[in-house]
Amino acid sequence: MAKYKTEGLHCWQKAKELTKKYYQDYKESPARGGLRWEGGAWSFDAIPQALEGEVHGLSEEPYGASIAHNPELQVRYQEAAEGKWGCARDLCSYMRAYWGSVALNEYAYGGPWPHADFIFQNQICCCHSKWLQVADEIDGGTTPYFCFDVGVGPYDKIGDRQIEYVVAQLYDGIAFIERVTGRRIVEEKLIQNVYNTYRSNCYWAKTCELNQAIPAPLDEKTMFSLYVLGTLEKSNRAVADFYEKELYPEVKDRVVNKIAAVADERCRVLGDSQPPWGFLRIYRYLEQYGIVSVANLYTFSLIGWMKVDSNGLLVPYPTLEEQGITIKDRDHALRLLVEGELKGKLMWAPFYGANYKNDLVTKIAKQWRCDAAIIHLNRGCEGTAQHQMQLKIALQKMGIPAMTFEGNMADEREFDEGRVLRLIELFVTETLGLKKVPKDRKGRG
Amino acid sequence: MIEEFKQWYDDRHSYAKEWKKNNRNGKVVGYFCTYVPEEILYAANCLPVRIIGGHEPPARATPHMFDMWCPFSRDCLSQGLAGYYDYLDGIMIAQCCLHVRQAFGAWQLQVPTPWSYYLCMPNAVTTSHAKKFLSGELAEFKKAVEEWVGKKITDADLDRGIDIMNTSRRLMKKVYEFRKEDNPLLTGTEAMTMVWASQLMDKREHNVLVAELLRGLPNRELDREPGIRLMIVGSENDDRPFMEMVESIGATFVIDDHCTGSRYFWDEIATNPDRLQAIADRYCDRVPCPTKDFQQETWERKRFPHILTLAKEYRVQGVILVQQKFCDPHECDIPSLKRYLEGNGIPCYVLEFEVTVPVGQFRIRIEAFIEQLRADELFD
Amino acid sequence: MTEETRKEYWRWPEGSWVNPGIDWQKGTIITAGVDVGSVSSQAVVLVDSELYVFSNTRTGSDSPDSARKALSIAVGETGLTVDNIDYCIGTGYGRVNVPMAQRTITEIACHARGANFMYGPQVRTVMDMGGQDCKAINCDDKGKVLNFMMNDKCAAGTGRGMEVFADLIRVPVWEIGPRSFQIKKEPPMISSTCVVFAKSEVVGLLEKGVPENDIMAAYCAAMAHRIMELLNRLGVHEKFVITGGIAKNEGVVKRLEKELGIKTAEKAWYNPAYKAYPFDTQIAGALGAALFAVAMVSKGKVQSVRKK
Amino acid sequence: MIVAGIDVGGKNVHVVILKDGAIAAQGAAAAGIQKAQAAERLYDEMLRKAGLTQADVGRVVATGSAGKRVAFADACIADAAADARGVNRLFPSTRTVIDVGAEEGRAIKISPDGKVLDFAINEKCAAGTGTFVEAMAIALEISVEEMSTISLKSNKSIPMNAQCAVFGESEVVSLIHQNTEKQDIAKAVHDAIAGRVASVARIVGMEKDIAVIGGMAKNEGFIDSLKKEIGMDIIVPVDPDFVGALGAAESAAKGVLEEKVAAKVVGQEIVEGG
């Protein structure tokens with residue numbers, strides 16, 4: 001008999017639809033007189049999305065990930081980037097997939113490569129500023145390009161000077177966007193977008209916090225398809241509503257009614273960095289042992305805003321409502337947006353030192369009650385793979401068994417499934433001493 | 001002089017230890033990237049020593065950085081773990097690429113060092129905002145150093161620091177001038193050895209040696225055929241055996257763009273009553289590392305035209321693009337840079353570097369490239 | 001491994017050829033090119049730029065001996081000796097150890113030049129697969145190298161790999177090509193191109209009882225793909241030719257052509273007068289070297305060292 | 001109680017038969033292509049040697065990279081697990097096991113009761129394995145055994161840059177051309193591999209005692225290089241290449257079971273997941 005009852009997530013379908021619509025809208029925008037812009041999951045979509053009239057963005061990382069889900073496309077795009085363009089094989093694999101898509105003049109969602117009207121990008125890792133710099137070059141080098149810098153320091157060192165630096169760049173960005181599009185950034189829209197951005201990020205964080213419950217209402221594999229909306233267009237009302245009004249209440253309800261993601265939850269593990277997208281079946285394999293992956297700094301804070309409270313605990317970042325703030329004007333909106341991203345996006349903290357990664361992830365391990373860690377040494381992304389070996393050492397020091405396996409989020413040529421399953425089996429059966437859950441287990445979330 | 005440079009480069013650790021003995025109240029600071037404002041360290045009577053690799057297989061680094069991090073950063077950490085830098089009073093980094101930051105982060109946790117500092121060097125260096133932000137960072141850094149060494153840093157101190165650095169830059173640039181000659185008065189290996197030494201020695205002492213070198217150069221006789229005039233471009237490069245090999249098979253490196261070469265010292269600090277702003281301006285305006293080479297209004301890079309100008313001024317016949325394995329910033333730029341230079345009529349050859357360079361395998365590539373450049377000899 | 005190498009499945013047959021229509025004693029300029037590769041060595045002698053003799057033999061553990069052996073096999077009974085040669089150029093991976101050579105030129109330049117002579121001036125891309133490196137070369141109508149690329153520091157998918165493979169499945173390397181097409185449907189390619197891991201992958205397939213021919217197909221496909229990746233980085237232009245041993249392995253060549261969508265030029269002498277001469281893709285390097293020697297001597301760029 | 005352990009590796013098969021905890025018979029054979037058959041043949045041979053039949057054997061546990069192919073085994077355990085159990089039986093004081101086989105080098109941290117606490121395996125490249133040495137021996141035109149002994153005579157240290165077995169060959173050849181003594185080249189090869197193996201071992205952290213097992217452990221030259229590389233003492237069992245099989249037999253004795261089922265399920269999952 002299964003240990004807990006489990007059922008699928010009702011709002012799952014809605015998430016899928018919103019995602020599909022996003023990529024369709026981008027494709028069709030010009031036909032409807034709309035504009036198109038390229039950027040990243042982190043490039044403050046609240047601003048370009050405040051343009052008057054219809055406008056749609058293409059978010060580079062999730063686009064790369066969606067290519068990764070399709071092995072045929074993935075390999076073809078990687079090889080085009082390496083062959084036709086001639087880039088090194090060890091670069092960010094999302095970026096190579098993206099470049100390949102441009103080089104082959106193919107849009108993964110059908111049709112030729114959809115040229116953007118402008119690029120609104122930000123710099124946090126070595127590749128982000130280069131990503132669209134090169135993509136546009138491959139594409140002919142005619143797209144107006146703007147890139148602003150958010151590498152101003154970790155969440156606990158953010159003061160006026162840091163915020164001022166980014167805000168000043170955003171003003172330039174607004175001027176740039178208005179100049180190259182000939183359209184205005186509408187203040188009311190901007191203010192609304194910032195409200196939405198706060199709701200999306202804070203409510204995703206609250207949802208993640210709910211996963212501290214035993215049994216875990218969500219497993220990581222499910223969370224992957226849920227946070228993606230935030231990486232696409234967190235400033236979108238529909239997205240914010242999804243997180244606040246649909247996902248959060250439903251997961252809360254699962255906790256109350258002890259509805260588990262994995263019926264036989266016996267062992268809670270934490271992950272690190274993106275998974276090898278083409279091989280999510282690894283999680284299915286783990287489930288046979290009653291192992292559920294419940295936490296991952298990446299999965300939480302790629303979009304989820306969190307903070308360390310006075311007790312040193314990791315908690316969701318307060319929404320504007322909770323802070324009792326009403327946005328006065330454009331300047332206020334920009335400052336709040338920057339403050340939220342710089343203080344709330346803990347995912348950025350490890351960029352400034354291994355101590356940050358160790359501190360945050362060991363907090364997660366405690367608060368989310370993890371029994372072990374399975375760390376994907378992600379050869380595809382320097383950003384999320386920061387300090388992973390230091391993390392392994394830190395976790396083992398606090399008595400949490402940890403294993404690593406090498407892979408690549410979006411380049412299956414760097415993932416040896418047989419080998420990795422061997423390692424995981426060894427870890428699970430020997431180090432964790434787990435046995436398979438007798439069959440007859442029910443379906444999963 | 002070249003010999004002294006080479007000697008101190010090879011014997012970098014004894015040099016620093018020696019220096020400590022002779023500068024009782026001075027501290028030795030190991031730094032990880034050339035965006036570190038050495039001016040302020042000199043102002044505080046510290047000896048900045050750049051942490052560079054030992055060209056040994058970085059076996060010790062494996063448990064701390066898995067092998068997708070660039071060989072150079074792993075090599076640096078490996079040196080630290082081996083205890084070669086046990087004399088350091090402090091380490092610091094100026095925000096740069098993720099690889100070196102990785103090594104710095106692991107060093108902070110794994111290699112006991114009394115003091116460490118992360119200077120948040122901004123990335124959008126072409127903006128006025130970045131200059132303002134950086135001068136603020138420098139003010140904080142200055143304060144931190146003052147507290148650490150227990151001594152105020154006066155404007156006079158800063159002027160001294162700036163002067164030491166500017167003199168070094170001016171002198172080394174003059175030496176580079178002599179590489180423009182038909183038969184360069186010093187080889188690329190020699191020139192870069194001078195720069196490597198400058199990152200390891202007390203600049204004041206180094207400056208004396210360079211000045212001496214400059215006096216000698218005009219009537220120096222180099223008994224060798226210059227052959228093909230090459231430029232070498234890439235991230236860090238202090239691979240002496242490789243450069244010697246290339247210069248032994250019918251070529252001479254006449255100019256470079258490396259952070260262990262011209263990119264390190266090319267630009268001076270302008271005088272400005274606000275010393276920190278002057279320093280900030282210099283580090284924002286300097287020839288950028290690719291990781292900071294983006295502008296806010298165009299995708300074009302600032303470094304490319306600079307490289308082309310150098311290539312023209314030094315009458316370069318071919319460019320060797322060194323791609324340090326896993327070095328994203330440069331790997332992102334190299335395909336574009338290759339097209340850019342070849343589009344301007346300058347042939348390029350890309351080489352992928354690792355910590356230990358298999359000279360044999362590279363020799364055939366370089367020989368073939370040189371043959372390609374002097375094909376007329378084979379064909380007419 | 002040892003008992004595997006006792007019977008050498010991997011080695012292409014050795015051979016030599018003498019042009020019956022030439023009396024070297026009547027020649028004015030006699031030049032030689034010696035290509036000492038990591039696996040096989042070739043020697044070519046030209047008399048007044050005409051192909052006179054060539055040989056193709058295995059490289060031993062000592063390069064100078066291999067060079068001498070190659071040349072002596074080539075000249076055979078003709079009576080021609082080193083002393084009769086005006087100028088000799090060494091090339092290939094052992095080029096610095098060619099005792100009779102006056103200078104060396106890399107196999108990149110030599111293969112481009114040799115291919116130009118063998119296949120004609122329309123050749124634009126030359127792919128030379130050596131024992132442990134592949135070189136993709138773009139050249140002009142003179143055979144002048146415009147740019148080139150070589151595989152990285154891992155020998156995955158090089159000639160050596162194919163030899164280890166031949167040993168492993170105990171099939172002579174010249175049979176692998178034909179047999180790799182005697183299959184029902186094209187199998188998925190061997191995933192690992194690392195010589196050692198590919199080996200264990202192959203063992204796995206043999207164990208599973210996968211037919212040998214399918215495994216050969218899978219290996220040839222992997223190799224073809226690897227070469228394709230290199231060629232794409234360089235850019236392939238017709239006329240496209242393959243030199244070196246691998247050119248003889250249609251199992252790789254045909255699959256490569258399919259991946260590239262470009263045919264390789266027919267293996268035949270450009271010079272109609274040569275129609276009757278044997279066409280050995282492995283001599284391109286040595287031939288190129290000998291041709292450079294002619295040019296240098298005749299242009300007076302170098303002094304003849306001929307003793308008799 | 002009679003139990004058997006069968007270790008089916010990339011190159012060789014090893015069988016150990018335990019009778020009431022004592023070794024009744026043990027033997028090795030080349031795995032060849034048809035590993036499963038080779039394993040059974042050797043198994044029967046060893047039974048005969050011990051005067052037993054398959055019916056007498058209470059439990060058979062297989063291990064090794066091809067262990068799951070041994071259909072007649074009651075269970076199959078991961079090779080690292082077998083290593084741990086085997087070493088724990090021989091030297092209970094061992095905390096770090098380094099196993100260098102033909103195609104894999106791995107390090108295992110084990111608890112006093114022989115449990116696997118942490119492990120690291122060399123990734124992707126065959127450098128740092130027995131195969132690498134074999135390739136170099138062939139290039140040197142001497143046997144691996146000879147290579148092992150002559151390298152001990154050398155006191156030179158020549159760095160080998162080649163990461164790849166094939167380039168290793170050519171690097172060795174060029175060393176020969178420079179008339180380098182074979183013994184020095186042999187040492188260079190062992191040093192290179194010791195370096196790579198040590199870097200894997202450092203991942204789990206080298207805690208005393210350290211035992212080295214697997215085919216390469218028989219190579220004294222390599223062991224010597226490894227000792228110097230890690231600067232610690234090393235225990236090498238008498239039959240280092242039998243430890244895996246011994247461990248499998250031990251686990252058979254301890255009645256560690258049910259993996260066979262697991263093995264099957266893993267297979268299914270991969271299919272159904274995709």
Cut-off 3.5 Å, no hydrogens considered: what does the side-chain donor-acceptor table look like for residues 207-216 of chain D, sequence neighbours left out?
from	atom 1	to	atom 2	distance (Å)
D:Asp209	OD2	D:Ser93	OG	2.7

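At least one side-chain heavy atom of A:Glu430 sits less than 4.5 Å from a side-chain heavy atom of D:Arg85. Contact check for A:Lys392 versus D:Ile203: side-chain heavy atoms found under the 4.5 Å cut-off.
Rounding to the nearest 0.5 Å gives a distance of 10.0 Å between OG1 of A:Thr431 and CD1 of D:Ile108. The CZ atom of A:Arg422 sits 4.5 Å away from atom CD of D:Glu104, with the distance rounded to the nearest 0.5 Å.
In this view, A:Asp90 and B:Lys325 satisfy the salt bridge (Lys or Arg N to Asp or Glu O under 4.0 Å) rule, not counting sequence neighbours. Partners of A:Lys5 by side chain to side chain contact (heavy atoms under 4.5 Å, CB included), not counting sequence neighbours, listed by chain and number: A:Asn257, A:Ile259.
Proximity to chain A among residues 109-116 of chain D is limited to D:Lys115, D:Val116, judged by heavy-atom separations below 4.5 angstrom.
Neither the backbone nor the side chain of A:Phe279 comes within contact range of chain D; no heavy atoms are under 4.5 Å apart.
Per-residue counts of heavy-atom pairs under 4.5 Å with chain D were compared for A:Met389, A:Met403, A:Gln396; the largest is that of A:Gln396.
For A:Leu426 against D:Ala81, the heavy-atom pair with the smallest separation is CD1-N, 4.0 Å.
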